[in-house]
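Values below: every heavy atom of this structure, side chains too, minus hydrogens, waters and symmetry copies. A quick note: this is a predicted structure, and the numbers were derived from the prediction, not measured.
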2 protein chains.
Amino acid sequence: MTSEPATAAKPVRLAPMQVPKASDVLANDLRERILSGEFPEGTSLPPERDMVVQTQMSRTTVREALRILEVQGLVRIRTGRSGGAFVQRPGGDSVADSVSLLIRGRHIRLAAIFEAREGIEPTCARLAAKYRTDADLARLAAANAAISGDGPLEDFLQANVDWHVAVAEASHNELLAGIMLALSRVIYTATDNQAFVDAEVRRTTIRAHARVTEAIEAGDTEAALRRMTRHLHKYTEAISEVEDRTAIEVPGG
Amino acid sequence: MTSEPATAAKPVRLAPMQVPKASDVLANDLRERILSGEFPEGTSLPPERDMVVQTQMSRTTVREALRILEVQGLVRIRTGRSGGAFVQRPGGDSVADSVSLLIRGRHIRLAAIFEAREGIEPTCARLAAKYRTDADLARLAAANAAISGDGPLEDFLQANVDWHVAVAEASHNELLAGIMLALSRVIYTATDNQAFVDAEVRRTTIRAHARVTEAIEAGDTEAALRRMTRHLHKYTEAISEVEDRTAIEVPGG
DNA sequence: ATGGTACCTTGGGTATGACCAAAAGCACTG
DNA sequence: CAGTGCTTTTGGTCATACCCAAGGTACCAT
């Protein structure tokens with residue numbers, strides 16, 4: 001029984017097989033269940049030590065799986081009693097984070113970001129004119145009220161970003177809103193400490209915002225699209241002039 | 001010395017302080033260094049056990065930090081001898097992944113994805129007409145050659161996606177290209193197994209692609225923008241008709 | 001010589017067990 | 001009854017041991 005004939009006609013053949021990492025297996029399983037809706041938002045997953053006994057994995061493995069889901073924005077983890085991992089739907093934030101990484105890691109020029117915005121944001125304005133609700137209009141009005149020609153630069157930029165994000169969310173397209181959130185965040189940090197935002201630029205911006213807001217309120221999709229396009233184009237030109245001289249890159253955040 | 005007067009006039013005041021997690025501290029440090037370019041692409045970080053002695057942290061903590069960076073697409077980890085963590089610049093893939101999560105997690109309608117594409121891709125076409133190189137044109141030509149009116153549906157869709165991605169990359173705007181890669185991937189998986197792509201749709205698509213390609217080749221930015229807009233709009237209408245009846249949602253991938 | 005097999009070395013992956021830290025609830029004391 | 005401090009629950013960190021993967025190398029048989 002211990003020695004086979006050397007002339008055996010059937011050599012053992014095995015297919016190449018891949019062994020996935022245990023933590024990935026668990027993470028994938030949980031991710032699918034979360035995305036499928038089996039675990040609605042706010043559901044608390046079992047404590048780590050419970051998962052250990054249920055999955056027969058070590059606590060290290062369980063924790064790595066949870067870490068993966070946390071980075072992907074699918075769970076939020078809190079310490080302390082009645083803490084644990086709570087299911088969370090991924091929001092625009094996670095998209096914004098990865099876009100930020102792309103921009104910073106690839107050293108993408110500020111001009112390229114404005115190019116992208118020129119494509120996306122007019123569409124947001126168009127959709128906003130189509131789908132805006134009363135709540136959206138109120139938020140836009142509030143953003144317009146908050147912006148002023150003569151406060152600290154930081155306040156102006158913040159109010160500026162708020163208005164743009166409000167337009168994006170008024171489009172009722174979460175995908176566009178998420179992307180715009182990312183771009184706005186990056187543009188905000190990149191525009192900070194830039195001297196080209198003078199009083200003239202501020203006045204022009206306020207006027208343009210008001211006109212776009214009017215179009216959205218009136219439900220005039222084409223006017224909203226056109227006015228937003230013009231606004232962004234002029235703003236981009238102002239930036240380009242500066243960049244030609246100083247080669248602005250996106251700073252760290 | 002052991003008892004102070006109860007009437008001490010100076011009560012101790014402490015500011016609320018936050019203690020970040022050790023693994024986050026390490027991850028943030030490495031991330032900043034990677035993004036700043038201190039660790040160029042391909043650099044191999046020290047082995048985990050070396051990091052342990054250098055950082056005075058436990059291996060668990062080091063590994064969690066590496067897992068965070070891995071999920072964010074900043075390092076790639078290989079096992080075995082001469083393995084380890086290798087620095088990687090975040091690419092369009094990581095953006096695509098997070099967009100996928102957003103879409104699946106929020107149950108975003110296919111129509112909303114097409115809306116977003118209608119904003120982004122015409123801009124890609126416009127920029128492509130402006131900045132395309134000979135290599136870009138060759139790639140577009142190859143994509144056009146690969147698409148055919150009568151093969152398996154899967155091949156048609158793949159060639160379709162390839163062309164759209166090629167247009168996006170011809171824009172020489174990595175941000176737009178990354179976002180388009182994400183959308184294309186999602187649209188691909190969502191359109192698969194959809195019956196509305198009949199022979200008529202295919203012929204129309206091929207013709208439209210050819211016309212957009214011509215405009216890009218000629219450097220006619222406005223024609224590229226206009227033709228791409230029309231192409232997408234017609235495609236979207238076709239989808240909308242189906243969705244009204246069947247309420248397509250984006251399936252899992 | 002030479003080619004293949006087995007072993008060695010270096011790396012990440014997993015399992016345990018212990019202990020620290022944060023947060024909510026409870027119990028005890030003044 | 002208020003306030004303070006203990007207790008419990010749950011995540012965070014550490015240390016150690018061992019397993020698995022992948023190159024490199026030495027050695028043996030041909």
Nearest-Å distance, [atom1] ([X]) to [atom2] ([N])?
X     : N      : atom1 : atom2 : answer
A:M57 : C:dA15 : CE    : P     : 7 Å
A:K21 : C:dG11 : NZ    : C1'   : 13 Å
A:Q56 : C:dA15 : CD    : P     : 10 Å
B:E70 : C:dG11 : CD    : C1'   : 15 Å
B:I77 : C:dT14 : CD1   : P     : 11 Å

For chain B, the stretch of DNA chain D it reaches, first to last nucleotide, under 4.0 Å of its heavy atoms: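 The contact span of chain B on DNA chain D goes from D:dG12 to D:dG24.
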query: Got a second to check how far B:T43's OG1 is from B:E38's CD, nearest 0.5 Å?
result: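 Here the rounded value is 9.5 Å.
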- prompt: Are A:R106 and B:E41 within salt-bridge range, i.e. N to O under 4.0 Å?
  reply: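 Result for this pair is no, no salt bridge flagged.
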message: Less than 4.0 angstrom from a charged side-chain N to a carboxylate O is my criterion; do A:R76 and A:E70 meet it?
response: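 So A:R76 does not pair with A:E70 through a salt bridge.
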field: Modelled atom types, side-chain donor and acceptor of A:N28 and A:E32, under 3.5 Å
entry: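 A:N28 vs A:E32: no donor-acceptor pair found between side chains.
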- request: Map B:R81 and B:P47 onto DNA chain C by nearest heavy atom, then report which one ends up closer to the 5' terminus.
  value: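 Result of the comparison: B:R81.
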query: Counting only side-chain N and O atoms of A:S58, is one of them less than 4.0 Å from OP1 or OP2 of C:dT14?
result: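 Checking A:S58 against C:dT14: no side-chain N or O falls below 4.0 Å of OP1 or OP2.
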B:V87 and B:L74, any side-chain heavy atoms less than 4.5 Å apart: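 No; the side chains remain at least 4.5 Å from each other.
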- prompt: Does B:E115 reach the side chain of A:H172, with side-chain heavy atoms less than 4.5 Å apart?
  reply: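 A side-chain contact under 4.5 Å is absent here.
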Geometric class of the A:W163/A:H209 ring pair [parallel <30°, tilted 30-60°, perpendicular >60°]: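 Parallel.
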- prompt: Between A:T60 and A:G83, which has a closest nucleotide on DNA chain D that is more 5'?
  reply: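 Nearest nucleotide further toward 5': that of A:G83.
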- prompt: Of B:V52 and B:R49, whose closest DNA chain D nucleotide lies nearer the 5' terminus?
  reply: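 It is B:V52 whose nearest nucleotide is closer to the 5' end.
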- request: Give the nucleotide from the list C:dT14, C:dT16, C:dT9 with an atom nearest to the side chain of A:S23.
  value: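 Out of C:dT14, C:dT16, C:dT9, the nucleotide with an atom closest to A:S23's side chain is C:dT14.
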task: Assign A:R63 to base, sugar-phosphate, or nothing according to its heavy-atom contacts below 4.0 angstrom with the strands shown.
output: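 Since a base atom lies under 4.0 Å of A:R63, the category is base.
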query: Hey, does A:L66 reach any base, or is it just sugar-phosphate, or nothing, if we go heavy atoms under 4.0 Å?
result: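 Nothing, no heavy atom under 4.0 Å.
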